[in-house]
Each structure stands twice: as structure tokens, then as C-alpha cells.
Amino acid sequence: MPEADHEGKTYYTDVPQQGKLFFLKGSNELDWGMKNRLSRIFNPGDGRTVMLAIDHGYFQGPTSGLERIDVSIMPLVPEADVLMCTRGILRTVVPPSVTIPVVMRASGGPSILKELSDEEIAMAMEDCIRLGVCATAIQVFIGGEFESRSVVNMTRLVDAGLRYGIPTLAVTAVGKELVRNAQYFRLATRMCAELGAQYVKTYYVEEGFETVTASCPVPIVIAGGKKQPELDALKMAWNAIDQGAAGVDMGRNIFQSDSPMGMMKAIKAIVHGNETPEKAYDLYQTIKNKGN
Ligand code: R5P
């Protein structure tokens, strides 16, 4: 018999093999690779994430705060749990030695000069694999002019992702003409989850956000939206987490702040440290006053 095979206590014949439920809502039946990638995006300790979103250039060019990602954004990256960006920025600006997971913007087409819902899948799954991404992200325009196409595009990306174990983040886009309320976001997030997205990004709404998170069977992260005063953005993040969000995917309220590092750390303190908005704001002020 081979030397490694000895009878004895090390077989623990009286201990049944344990199976654990996966920590993320709605994700228990996913395959190992997908769960492993989601475990890099969401902290398995608290089930939450702070994603730094810097993909805005894919339809609006050098957005204020993102003119020089190498100079202004790269110092923030080690503070984030996840970087959400385009493949162009990843290949040109982000050093391959970066170890935080990347969520890849995989849709595109129209610029801000045209109808935004006219998007297509803008990246092959093969390239996502080549770049080692942990998830792809695609805009879904519920109620938009090209609603059906954007929904079907999402399902195609989901199918490709399922083939290779790469989760899909469905981003519920809001058009100028659409009312941003809980009823709308319940519809949009639920549709994305029902059609296969492994997690969904949406916006926070003051009234009834907890019904959006409750009725969506997969984790929800919130976008930051337009730049607000820092304390207001921190309150929004706190409320979203309190009402069931699994984290933030935040851009402008971090990189357009007068202290991006201060906001980055303050948001983290809320999401992972359960800090109050006021305490997190103090942290932001302290970091800002040190000139960071
Ligand atoms: C849209 O441009 C992208 O999906 C952004 O990643 C998303 O809107 C989050 O960025 P912000 O916090 O600036 O809204």
C-alpha cells in the first residue's frame, strides 16, 4: 500500500462532512468559480463591498475628476475592495500588479450626445477572462427606448458568464424622463435578478428603499449618483446599508470630492465599520485637513 494511506484517527469516521450555506443572498446554488469571484468582490466577513467606480469615460469621456486616472485615482485604488473600470483604462493605466478584483464595464456604444439606451455588449467574454476580471457590468435600461435590447444584452452576458464562472452585475440605468422611486427600482432590480444577473446596481431612494432590497433575490449595491455635499453622500450610504444594500459602487461622490481619499476612507468606515455618517464625516475632515 502507498505510504500515505494509513488507517487511524485521521479519517474522523465519526465526523460528518460539513457543507455551509454561501454567505451571499441568492448565490448558494452558483458554481464554485462564480462563488469564489463573488467572495473577492464581497467581503465574506460582512457580505459587503466598496466598489470604486471609474468607468464613466465609456460614454462621457474625461469626466471631471477622471481626467488623469493615473494621477488622481490610482492612489485610491488600494483603499477600495473592487475597481470598476473599462478595459481601456485597465490596460493603459492600471498596473497589472494591482491585486484588488476588477469589475469590468462590458457594455457601450452611444455617447452622451445620443440615446444612451442604444447600448450593445462591447466586450467579448474571452477578453474578460484574459484580463482576469471578477465580474462584468452591463447597463439595463428599463423603460428606456431600447429597453428590450438592453435586457437581452444582459441575458447574453449572463449566459457567457455562466459558461466561465464570471458573475454579471446588472446596472439599472435611469433616463431623464423616468421617475426614480421605489416602485421603479423594484421593477428594474427584480427583472435583472429574474433574468439571471448575480448582483444588481441601483440608486438609493429616500422612500421605500428597503422594499427594493427585500424584493430583489440577489445582492444590491448602490451607485453614488451626482456629487452631493460629503455628509449627504455619507448619510445616503449609511441609509442604503441600513436598508439592506450589500455595499456601494461609488464614483463621483468620491473622486469629485475635495478629498477623494477622505471620502474613500469615510465610505469604508460606514460600509465595513458600521460607523455613523457623522463619525465618518469627522474621519473625512481629518484626512482632508492633513491635505490628502
Ligand atoms: C455609470 O456611469 C456607471 O455605471 C457608474 O459606474 C455608476 O453610475 C457609479 O458611479 P456614480 O457613483 O458616479 O454614479
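Along the sequence shown, residues are numbered consecutively beginning with 1. Atoms within a ligand are numbered from 1 in the order they appear, just like the ligands themselves. None of these values were measured; they are calculated from a predicted model. As a basis for the values below, the full set of heavy atoms in this structure was taken, side chains included, without hydrogen atoms, waters or symmetry mates.
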Practice problem: Starting from atom 6 (O) of ligand 1, find the nearest protein heavy-atom neighbour and note its residue, name and distance. | Solution: Asp55 OD1, 2.5 Å
Practice problem: Would you mind listing which atoms of ligand 1 come within a distance below 4.0 Å of any non-hydrogen atom of Asp249? | Solution: 9 (C), 12 (O)
Quiz item: How are the rings of Tyr203 and Phe185 set relative to one another: parallel (under 30°), tilted (30 to 60°) or perpendicular (over 60°)?
Solution: tilted
Exercise. Below 4.0 angstrom from a heavy atom of Phe59, which ligand 1 atoms are there? Numbered from 1 as shown, please.
Key: 2 (O)
Quiz item: Counting each atom of ligand 1 from 1 as listed, which ones have a heavy atom of Gly225 under 4.0 Å away?
Solution: 11 (P), 12 (O), 13 (O), 14 (O)
Quiz item: Would you call Met51 and Asp81 a side-chain contact if the rule is heavy atoms closer than 4.5 Å?
Solution: no
Quiz item: Per the side chain to side chain contact (heavy atoms under 4.5 Å, CB included) rule, which among Val133, Val94, Thr136, Ile41 passes with Val102?
Solution: Val133
Quiz prompt | Step-by-step ring-ring contact (aromatic ring centres under 6.0 Å, His included) determination, Phe42 to Tyr199 | solution = CA-CA 11 Å; Phe42 293 93; Tyr199 75 113; 5.1 Å; yes
Quiz item: Any idea which part of Lys201 is under 4.0 Å from ligand 1, heavy-atom wise: side chain, backbone, both or neither?
Solution: side chain
Exercise. Compute the shortest N/O to N/O distance between Val171 and ligand 1 and return yes if it is under 3.5 Å, no if not.
Key: no
Quiz item: Which ligand 1 atoms, with their elements, are less than 4.0 angstrom from a heavy-atom of Ala53?
Solution: 6 (O), 9 (C), 10 (O)
Quiz item: Any ion pair linking Asp46 and Arg48 (charged N to carboxylate O, less than 4.0 Å)?
Solution: no
Quiz item: With a cut-off of 4.0 Å, which atoms of ligand 1 are near a heavy atom of Met250?
Solution: 12 (O)
Practice problem: Would you kindly specify which portion of Met84 sits under 4.0 Å from ligand 1, judged on non-hydrogen atoms: side chain, backbone, both or neither? | Solution: side chain
Quiz prompt | Option set Met51, His56, Arg105, criterion heavy-atom distance to atom 10 (O) of ligand 1, minimum | solution = His56
Quiz item: In terms of hydrophobic clustering (I, L, V, M, F, W, Y; side-chain heavy atoms under 4.5 Å; direct or indirect links), are Phe146 and Leu157 co-clustered?
Solution: no
Quiz item: Numbering the atoms of ligand 1 from 1, which are under 4.0 Å from a heavy atom of Arg252?
Solution: 11 (P), 12 (O), 13 (O), 14 (O)
Practice problem: Evaluate side-chain hydrogen bond (donor to acceptor under 3.5 Å, both in side chains) for Thr202 paired with Thr172, printing each intermediate quantity in order. | Solution: CA-CA 5 Å; Thr202 187; Thr172 59; 3.3 Å; yes
Exercise. Look up atom CG in Leu234 and atom OG in Ser257, then write down how far apart they are to the nearest 0.5 Å.
Key: 9.0 Å
Self-check item: Polar atom proximity, Gly251 to ligand 1 (N or O, under 3.5 Å)
Solution: yes
